[in-house]
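The structure appears below as structure tokens.
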Amino acid sequence: MEIASLTIDEIREGLLARRFRAEELAAEALRFAEEENPKTGAYLHFSPERALSAARRVDEKIARGEEPGALAGVPVAVKDVIVTRGIRTTCGSRLLENYIPPYDATAIIRLEEAGGLILGKTNCDEFAMGSSTENSAFGPVRNPVALDRVPGGSSGGSAAAVAQGTAVVALGSDTGGSIRQPASFCGVSGVTPTYGRVSRYGLTAFASSLDHIGPFARTVKDAARVLGVIAGRDPRDSTSAEAPVPDYTKALDGNVKGLKLGLPREYLKDMTSESGSLIYRGVEVLRQLGCEVREIGLPHTDYAIASYYIIATAEASSNLARYDGVRYTSRSGDSATLADMYRNTRGEGFGAECKRRIMLGTYVLSAGYYDAYYLKAQKVRGLIARDFRQAFEEVDAVVAPVSPFPAFRLGEKVDDPLAMYLSDIFTITGSLAGIPCMSVPCGRTAEGLPVGMQILTRHFGEITMFRIADAFERAGGVN
Amino acid sequence: MPSSATELASPDAIARYETVIGLEVHVQLSTATKIFCGCPTSFGEPPNTNVCPVCLGLPGALPVLSRHAVELAIKGALALNCRIRPVSRFARKNYFYPDLPKGYQISQYDEPFSEGGYVDIEVAGERKRIGVTRVHMEDDAGKSVHEGFKDSARASYVDLNRSGTPLIEIVSEPDMRSSDEAYAYLAEVKQALQFIEVSICDMEKGHLRCDANVSVRLRGAEKLGTKAEIKNLNSFRFLKEALDYEVARQVAVLDSGGTVQQETRLYDPDLGQTAGMRSKEHAHDYRYFPEPDLVPLRIGEAWLAEVKATIPELPAARRARFASVYGLREYDAGVLTQTRALSDYYETVARVSGDAKTAANWVMGDLAGALKAEGKEIGESPVSAENLGALARLIVAGDLSGKLAKEVFAKMFSTGDAAAAILSREGLKQISDTGALEKVIADVIAASAKQVEQYRGGKLTVMNYLVGQVMKATRGQASVAVVTELLKQKLG
């Protein structure tokens, strides 16, 4: 049993043919993950009891001749910002080092109902704030492709687990690129679905109007399958969409002839690097598969980063207020007054990046500044969404880079947060528009570092996105 | 700043100024569950038991707006004559406090669900209309408990049972010109909301909380004075006392050449004074922004019509109807519409008895007295409205003397039985059959030779004695009028 190369279909086939039992698979996956983990630090902690008991339920169903579920026996890694009942959920923060949630996120419930096995929780930037997973209070994650490099972030642990082969699929969260960018850095597929497609109930909030849960997988089809399981209306999330969930894997036949793809001309100036040239090669592959490629305009792109960092930090400053030392948050000892307790707890507990964003967000919401910053950013957000709406009147999908550069070295950009923010340019526009977007592997640089191509489609256009990514993958990408 | 040194203005000085008051009233909606989760709102449960991830503000939990809370809020706003916005929005009000588990309150800010209403009040015979600026929805915080624990000297505890309880905040225009007007406004708001069962409005349980904005200006001045916000006005008496104190304080400050500080002041009912809170405690920038976890609240025509249809007649309208339809005096109509339950009770008694005045007398007289003696509310009355109506009907029909009716009522009150059941059980029945009475009367006349002689001799007051004897013999079951008439015939 080669966990590192299994697909969801292969697991299902093996289980139904009784070649192995889910419990055996779970035990082997746990063993392998624990053995491999020291190399990358992808996981913060494991949940063997939970994985094994879920596996036994799958085995019982199969023994009774029942349908074991779309993810039967599939080992899953879960980013540690998604809450799991009885399993520590730290969000990569000292403040939640010992926090054990009393409930499961909706996505977790759906994963397990479909037979998925939760192996453990993966490392990430503190409260999902970062692009390298170096902002975790529990140390960085190493990129399994090049161990001296970052896996990207903030869902670096989940991307690394899938790339390393210790999990077949993983869940991450994406606010401004936190699934797509690490997927691209680690050479796996990563999907940010339409905003509202997957319930956020149980996803620790960073920026509520931008937060998404989405899957990582080694194949596009596996990513599509996971999304099909976790998507759908949830009465516990008022912003979750009513739209029915189609079978995302049904149309994956490799045929993309006649689809119209747009390449945003505003992105071209940032595509002169080696990563950029790989994207051009990827676009060429799609053209050869029968897609029509044309340039399109996304004229408000230049304002995307500024408005994203206003909206995201504003919401973050409010969402992170609850970590105050009063209830579940670890509390700083010996404070003379309530105000001191707040200051000490938060001052000692939050890392530098969270503090930076809390301060930015508090500032932009302050009396007298709200109109100039937050309100204006929301207007820009509306214009960016309109850019995409207009683009999708012309094309079926937009193709773009995920990141201006491949995985960088650990520590290389830690001291330059602004450069880190600017590198989010390609992922942030899709986040602000709330449209589905994914990263699919698009070859490697001369140094052997993976590069991802981004595919963006209209709201609830996941099927088209998966069709293009799958056809690209079938065609062998750019290699 | 020793508060004991505060000077208060004389009535003469106060008379030169005009008082301007606006009220912010928080009302707890009487839903069974919280506004954003399914936890019960029941009062008095053990601390931190009516809680879930949502109202505890746990990581990842999300609010879902309660439809019932919205419906009650709409009813309340309509009762205060407000317009309902078809689209409104929730906003986060950010501040740190231990009993605020999310670090923000979910409220409404620049797009409240209702605005532009009014409340009519009457003070000393003068009617006046007070504007209602807006009514908006929000969730309540938990409760900090500073006393009752072994380590209360150095620690406080937090009970989050109340966290997430649905509230509406009713903001008035600065239209009130005296503490009496403020009192009348609050009373009218309370009665309306209780009447349509939007809130129980129990001030002791914090269902109704009130803050006041107060300023004074020289009579005739155009410009409003600097206002102070007074908090902790949690009874009608405190409201009036605090406003009177604050007005006298502000006038004294101005008259001595000082200026009124714009500040938040807390009323201390023990001292009967308001005192400024340290500026740090209220120097909040709440950093409002639209709540991204909730979608805009849309109240369409159909839903609005549905809610409107559930609004019962409001107290003012019912008061007017009682006066015109039942011919009640204005005062009686007012008493009988104090609460929805009482007015409903009265209407049933009036209908069953067929006599609105007799019904009013019984409800406000014997029933009210008996309830008061036992400390019971109308809803707890052992005598149902139907039964009291049936009793009144017997009286109206002349089938029961007033005296006997009082006895029967007492038994109804203690047993909860209907009048008919008591009458038949105790063999009590009005003897209006003259044949049966004649025998008793003959016996009384025979046994009262001396009195009969006196009567015939012209001492007509003896009749009272004779009637009494007949009533005694019939255990009060005879009609005094009939007995008197029969006696007159016999002796005449």
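On a predicted model such as this, the values are computed, not experimentally measured, just so you know. In what follows, every chain begins at residue 1, and chains take the letters A, B, ... in the order their sequences are listed.
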Under 3.5 Å, which donor-acceptor pairs do the side chains of residues 364-377 of chain A form with other protein atoms, sequence neighbours left out?
| from | atom 1 | to | atom 2 | distance (Å) |
| --- | --- | --- | --- | --- |
| A/Ser366 | OG | A/Thr362 | O | 2.7 |
| A/Ser366 | OG | A/Tyr363 | O | 3.3 |
| A/Tyr374 | OH | A/Gln378 | NE2 | 2.9 |

Separation between CD1 of A/Ile311 and CZ of B/Phe289, rounded to the nearest 0.5 Å: 11.0 Å
Check this for me: B/Arg134, atom CZ, are more than 12 non-hydrogen atoms of other residues, nucleotides or ligands nearer than 6.0 Å? yes
Side chain, backbone, both or neither: which part of A/Tyr201 has a heavy atom under 4.5 Å from chain B? both
Segment of B/Tyr95 engaging chain A (4.5 angstrom heavy-atom cut-off): neither
Nearest heavy atoms of B/Pro98 and A/Arg327, plus distance in Å: O-NH1, 3.9 Å
Where is the tightest heavy-atom contact between A/Ala321 and B/Gly103, given as atom of each residue plus distance? CB-CA, 3.9 Å
Whatever's closer than 4.5 Å to a heavy atom in chain B on A/Ile82 counts as neither
Would a 4.5 Å heavy-atom cut-off, applied to side chains only, mark B/Val64 and A/Pro235 as touching? no
Under 4.5 Å, heavy atom to heavy atom, which residues of residues 48-63 of chain B contact chain A? B/Pro53, B/Val54, B/Leu56, B/Gly57, B/Leu58, B/Pro59, B/Gly60, B/Ala61, B/Leu62, B/Pro63
Please say whether more than 12 non-hydrogen atoms of neighbouring residues, nucleotides or ligands are located less than 6.0 Å from CD in B/Gln261. no
With a 6.0 Å cut-off (strictly less than), is the heavy-atom count around CG of B/Asp151, excluding the residue itself, greater than 12? yes
Side-chain touch B/Asp293/A/Glu315, heavy atoms, less than 4.5 angstrom: no
Any idea which heavy atoms bring B/Val295 and A/Ser238 closest together, and the distance? CG1-O, 3.5 Å
Listed by number, the residues in residues 135-144 of chain B that come under 4.5 Å of chain A (heavy atom to heavy atom) are none
Distance from A/Arg343 atom CZ to B/Phe96 atom CZ, nearest 0.5 Å? 11.0 Å
If we define contacts as heavy-atom pairs under 4.5 Å, which of A/Thr89, A/Asn319, A/Val83 has the most with chain B? A/Asn319
Other residues, nucleotides and ligands only: do more than 12 of their heavy atoms fall within 6.0 Å of CZ on A/Arg85? no
Is it true that atom NZ of B/Lys93 has more than 12 heavy atoms of other residues, nucleotides or ligands lying nearer than 6.0 Å? yes
Before giving the answer on side chain to side chain contact (heavy atoms under 4.5 Å, CB included), spell out for B/Arg287 and A/Ser317 the whole-Å C-alpha distance, their side-chain angles and the decisive distance to 0.1 Å. CA-CA 10 Å; B/Arg287 292 175 283 118; A/Ser317 71; 4.0 Å; yes
Rounded to the nearest 0.5 Å, what separates atom CD in B/Glu291 from atom OG in A/Ser318? 7.5 Å
Contacts of A/Arg94 that satisfy salt bridge (charged side-chain N to carboxylate O under 4.0 Å, His left out) - sequence neighbours left out: A/Glu97
Any chance you could measure B/Tyr104, atom OH, to A/Arg322, atom CZ, to the nearest 0.5 Å? 4.5 Å
